2 protein chains.
Amino acid sequence: MNALHHCISQYYPISLPAWEALSKALTRVEVPKSSFLVKEGTVCNKLYFLEQGCLRGYYNLDGKEVTYWFGFEHNFITSFYSFISRKPGIENIQVLEDSTLWGISAEVLHQLFDQHHDLERLVRIINEQYYIRLEERLMAMQFKTARERYEQLLESSPHILQRIPLGQIASYLGISQETLSRIRSQV
Amino acid sequence: MNALHHCISQYYPISLPAWEALSKALTRVEVPKSSFLVKEGTVCNKLYFLEQGCLRGYYNLDGKEVTYWFGFEHNFITSFYSFISRKPGIENIQVLEDSTLWGISAEVLHQLFDQHHDLERLVRIINEQYYIRLEERLMAMQFKTARERYEQLLESSPHILQRIPLGQIASYLGISQETLSRIRSQV
DNA sequence: GTTTTCTTTTGACAATTGTCAAAAAAGGAA
DNA sequence: TTCCTTTTTTGACAATTGTCAAAAGAAAAC
């Protein structure tokens, strides 16, 4: 739980009462490798903080698994579309390494928002930071070659390459596994 | 201003005092075609609501203008990275048609957040909706062909094609103008 | 240690998309 | 209208990336 508190304070330092209310509302979740935190076609009702481990979000398109994010230690995790819209999503969240998370339901979170303005501010700020990251990823996808995207990933997240199979990384970069393999051998 | 109120209420109905405070804080901005609302290298200090007109966000990469969003009536407009981080951005916001906007500075908005919790909630919710849109766009960019992205754009925003030069649309879709021209001639 | 399974690499070829250059078309200004 | 500028289309060719199939390598199970 300390990791969460530390992570939060880097975004926005909430008041003690807000932190106490939040920490009471959190549930510890442990999930084994290869299991699923969220399955497509269901409503994802929870927001998670990943304390330890590694996950990925993917969906099925034309019979292929399409990975569009990875989550590592100290990331916030949810099936965003589903969590926000309260509708079933197409996303699967799969556990890539045995993981420990802290979860809170949408209902409880919204109750806390009513009681603690600063908690809602925190979430607003976190959302904004995640938006900026997404924006950067979109730009890379829109205007950089496969090789450039790979090199950018190497720089920003070298740890991904040690922990994730190549096929999933290729999918995340929007290229085929074969192309990524060839790019790697030419660097 | 009515358009803004109506737009807001579709996201989250704020209280009357919050609306009054917000509407007092807004400045009307009129900008002529071809002018710039934001220039790269500067801090974008304002969040805008576009009442009438049309804008685009782009940046320069290797001597080329790279368009990554268009704004139309009833969209919220800002150079997001710069507005959030308070740092100079690389983005230019250019006016494509004579436009009318309502603007508010980051400072004033944050003051209003302190005074009106529901205003901050509104912005949180709007951010979340814009996040979802961005997510959809990233997915399209990552896993669809140029033709599919074009057809998707045709469906979701046919008005873009009437109002925006082809070269800018091609850039937005992440393809060359020649390719888009060829795709169009084959549909 | 051996087998089985999963992951990565390689080859051959096809499809997609980009680049450069020029022509055609459309839109505005005088 | 006529001229000028901007936008769009077309052609030829090159570069990038994808697909399919098979081989090689690594990891996990027995």
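Labels below follow one simple rule: chain letters A, B, ... track the order of the sequence lines, proteins then strands, and each chain is numbered from 1. Bear in mind that the values here come from a model prediction, so they are computed numbers and not experimental data.
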Rounded off to whole Å, could you give me the [atom1]-to-[atom2] distance for the [X] and [N] pair?
X	N	atom1	atom2	answer
A:Leu166	D:dA26	CG	P	14 Å
A:Arg184	C:dT10	CZ	C1'	14 Å
B:Gln168	D:dT7	CD	P	8 Å
B:Gln162	C:dG27	CD	P	12 Å
A:Ile169	C:dT9	CD1	P	10 Å
A:Leu161	D:dA26	CG	P	17 Å
A:Leu96	C:dT7	CG	C1'	14 Å
A:Arg163	D:dA27	CZ	P	17 Å

Is the distance between the ring centroids of [Y] and [X] under 6.0 Å?
X	Y	answer
B:Tyr131	A:Phe80	yes
A:Tyr59	A:Tyr68	yes
A:Phe70	A:Tyr172	yes

Evaluate whether atom CD of B:Glu107 has more than 12 neighbouring non-hydrogen atoms of other residues, nucleotides or ligands under 6.0 angstrom away. yes
Could you walk me through whether B:Asp118 and B:Arg124 pass the salt bridge (Lys or Arg N to Asp or Glu O under 4.0 Å) test, one step at a time? CA-CA 10 Å; B:Asp118 54 340; B:Arg124 171 183 63 81; over 6 Å; no
Note: for B:Lys33 and B:Lys144 on DNA chain C, the residue whose nearest nucleotide lies more 5' is B:Lys144
Does a donor on one side chain sit under 3.5 Å from an acceptor on the other, for B:Asn60 and B:Glu40? yes
Nearest of C:dT8, D:dT9, C:dT17 to any side-chain atom of B:Thr145? C:dT17
For nucleotides 18-24 of chain C, which of its nitrogen or oxygen atoms have a protein nitrogen or oxygen under 3.5 Å away, and what is each distance?
from   : atom 1 : to       : atom 2 : distance (Å)
C:dG18 : OP1    : B:Ser176 : N      : 3.4
C:dG18 : OP2    : B:Ser176 : N      : 3.0
C:dG18 : OP2    : B:Ser176 : OG     : 3.2
C:dG18 : OP2    : B:Thr179 : OG1    : 2.7
C:dT19 : OP2    : B:Lys64  : NZ     : 3.4
C:dC20 : N4     : B:Glu178 : OE2    : 3.1

